[in-house]
Amino acid sequence: MIEVIHFHKFAAQQPGYFIKGTAANQIEQVSIDSRKIQNGTQTLFVALVGTRSSGWHFAKDAYHKNVRNFILPSEAKAPELLDSLSGANILFCAAPLEALQALAKLNREKFSGPVAGITGSNGKTIVKEWLAQVLSEKYRVWKSPKSYNSQIGVALSALGMDSRHQVALLEAGISKPGEMQSLEAIIQPELGIFTTIGSAHDEHFEDLETKIAEKCLLFARCKYIVYRKEHTRIHKYLEQHFPSERLISWSEQTGADYTLALRPNRNQTKILLIGKDLTTYTFTSSFRDPASLENIRHVIVSALILGMTPDSIQKGLDLLHAIDMRLTVKQGIQRCRIVDDSYNNDLAGLEIALEFMSHQRKPEGRKILILSEMRQEGNRQSVLEHTVRLLKHYQIDLFVGVGHTFEGFRGIFPSGSTFYPDTATLQQKISELNLKDDLILVKGARTFQFERIVGSLEAQVHETVLEINLNSIRHNFYHYKQKVSPGTKVMVMVKAFAYGSGSAEIGNYLQQIGADYLSVAYPDEGVYLRDKGVTLPIMVMNSGARHIELLLQHRLEPVVYEVNGLRALAMATREIVSIHLELDTGMRRLGLEEKDLNEAITLLQEHPNIRLAGLFSHLATADEAIHDAFSREQLALFERLSQEIRVKLPCRPLCHVLNSAGIIRYPEFGMDMVRLGIGLFGVEISQMEQEKLQPALTLKTVVSQVKTLKKGTTIGYGRKGVMAADGQIATLAIGYADGYDRRFSNGNAYVQIKGRKAATVGTICMDMCMVDVTGMEVREGDEAIIFGQDPSLQYLAEKIGTIPYELLTSIGRRVKRLYVLD
Ligand SMILES: *Cc1c(COP(=O)(O)O)cnc(C)c1O
């Protein structure tokens, strides 16, 4: 929420063309996504997308939701649009993002409490989250949601603070020169925190100094700048460019404003604080790794500057947990799925989590929200009313509130809602909720320790999981999409359970992020997607007239690859059916050949109910440069044949040829659509742009047992493994039935445990295997990475003479798929 803004007044001061309508112009919320609007009359809608048609489309959608105040791109201005937005106040401007930022700046300037701006290469989000946690012992804190630190993210973050909050923490991230200035103008921090400097985005900066200089623009008007003196480049730069009384350094050694030395203990770390006036204090933390301890010390110094006492800081530190900032979907008891967001709780975060939940496969049962009271927001009625609006908007079937503050407000929640005074009571009575087949979002403030709720809801599973990172999926999707021209559609191949990653989840997610088409191999795969809520068009590669009922009923578009098949289809139905005609241009798998064309065209002319939706071919060698001439012949033949068909038929089918490797090597042949497959998962088969993709799949398991063995001991079936020296082996909970191929036996592959490589020993068993962990301090329960960043899928595939496709599609069904979003 923002402090109330009068849009007329604001718009009058902005460049652009303003239409003052008759509608009320008091704004309490700003939205850039028309799908998320809940309270239209008080919302200002800003269309950031710079094309005329998208601006229109979303503006109309927002108007239907009662929005009457708009900032739209100039190119959207047209009489038709104005007609459909009658009465509205509209500011047309060349750069809606700049207007959004101006609005954010205005809201920031109304805020009277201190504002901290956090920048640096690593640790920004953690420092922000932890500092917020510690400060909330004393203040009501606003913080940027998640890692909203970009040009848009910072603007939205600054639009969230209002008079309920006493302190605000905002993150600022930049990827190229020139960006920080506009972020500073919005945040205007009084306290600056510079976490670290590293190599991220180096390609856009001349050198480290330039990058530090750009980041330091955030501190232009800071009264205090917190940093660690051991980062010498940061220290030098700040010393040269800022007055010394504004710099607050800390260091392990004496000589900085604060000395914060570490004394590792058995289960915790003591942090010795010596101030400039030689006052001392000892903090303790359960963290032991250097990165967390560095972040914690940034937090301590910043909290002291913001007026907290060491004692209350310590109270906050006790509650810190390693943050898994990612939203995770977990397998629950009674076939429930749990969206675990038990780390913290505020309105902005709640909305993000509900949005994430709405993108999940629809549950057979209910959508449930288990929510604690929100400590940081105060608990004014308006916050609860907003919560109730969110429940409605995201169609939550059951609300479960935990905490005393709900007490006086039960009446405003939907009937059927249930309330518990505290976490322990809910945990005791959880069976009252009759959970079964439900999708449950668990979201609670840190003090409520909702991880205990998640613990009781989580199913005990076989410990091998395939983790699918949806952020990486999105990154890879857009990488391929931007290779071809903007008008080219993207079909994603989700055959074979989406290459093993789960077609329903991936299909639903792709639908959200803007895929145009999906494709599967067989009709039942398509039916499954429809059952799970996928509405995109779906092409089915292998089906025939005998499936016609099924195809029609589920709006599946069959591929036709021979004249007889086309004839049979024509006989089978008079209903309208969309098909894709496959042409064989050299793959020699399926497809019509040149000699069949005339007959096929005649059939299509005689049966206008058979709609030619697509016309395609498949490249046999798209990934191999040495077969370039062959691929180009295929492409040329396709262009000639498709041209012939198109002149003889009235329709305008989508032409598509390129698979993942083809998109990289022949982007100029994107035509109307491309067919993305393995690249979505971060495997770049042509090996030309691997570094631009992110591995989206990680197969992990756990150590079941560790054994210390003498030199010469033999290991496993057939005694194939032998200890070369005294040492330790670990037994892992994965075997060939999970897809860990037997050919990885006897040191032919390694797994990663705690960042180190452990080679296989002996033969891989059906459900288990052994690896050498000599000298690695591995314990039962430790995580082992089978593939992911390292070792990569490509590396493993090469090791046993196969391809990543085969490894992916062999991952056993009993391996749980876990979907995460950073
Ligand atoms: C599987 C498949 C694709 C995708 O191939 P990738 O190499 O995974 O990109 C494209 N087109 C057809 C016809 C396919 O069968």
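When a ligand or atom number is given, it counts from 1 through the structure's own listing order.
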Should the pair [X]-[Y] be classified as a salt bridge under the 4.0 Å nitrogen-to-oxygen rule?
X    : Y    : answer
E689 : K483 : yes
R814 : D738 : yes
D672 : R652 : yes

Closest non-hydrogen atom pair between [X] and [Y], with its separation:
X    : Y    : value
G670 : T488 : O-CG2, 3.5 Å
A749 : L796 : CB-CD2, 3.9 Å
S503 : V494 : CB-O, 3.8 Å

Tell me: protein heavy atom nearest [atom], and distance?
atom                    : answer
atom 7 (O) of ligand 1  : Y805 OH, 2.6 Å
atom 11 (N) of ligand 1 : R675 NE, 2.8 Å
atom 12 (C) of ligand 1 : H618 CE1, 3.4 Å
atom 14 (C) of ligand 1 : K495 NZ, 2.9 Å

*Closer than 4.0 angstrom: is that true for some heavy atom of E582 and an atom of ligand 1?*
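Distance cut 4.0 Å: E582 fails for ligand 1.
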_Quick check on H580 - does any of its heavy atoms sit under 4.0 Å from an atom of ligand 1?_
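The answer is no: ligand 1 sits nowhere under 4.0 Å from a heavy atom of H580.
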*So is R35 actually on top of F58's ring, under 6.0 Å and inside 45° of the axis?*
no
Numbered atoms of ligand 1 (with element) below 4.0 Å of [X], judged on heavy atoms:
X    : value
Y499 : 1 (C), 4 (C), 5 (O), 6 (P), 8 (O)
S660 : 6 (P), 9 (O)
M541 : 13 (C), 15 (O)
I678 : 6 (P), 8 (O), 9 (O)
R589 : 13 (C), 15 (O)

*Polar side-chain atom of S660 near backbone of L676 as donor-acceptor pair, under 3.5 Å*: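 Checked: no pair found.
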*State, yes or no, whether a side-chain contact exists between H618 and R675 at a heavy-atom distance under 4.5 Å.*
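When only atoms from C-beta onward are counted, R675 and H618 do touch, with a gap below 4.5 Å.
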*asked:* Considering D623, I664, N659 one by one, which has a heavy atom nearer to atom 5 (O) of ligand 1 than any of the others?
replied: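 Of the listed residues, N659 has the closest heavy atom.
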*Taking both backbone and side-chain atoms of G677, is any N or O found less than 3.5 Å from an N or O belonging to ligand 1?*
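G677 vs ligand 1: N/O contact under 3.5 Å present.
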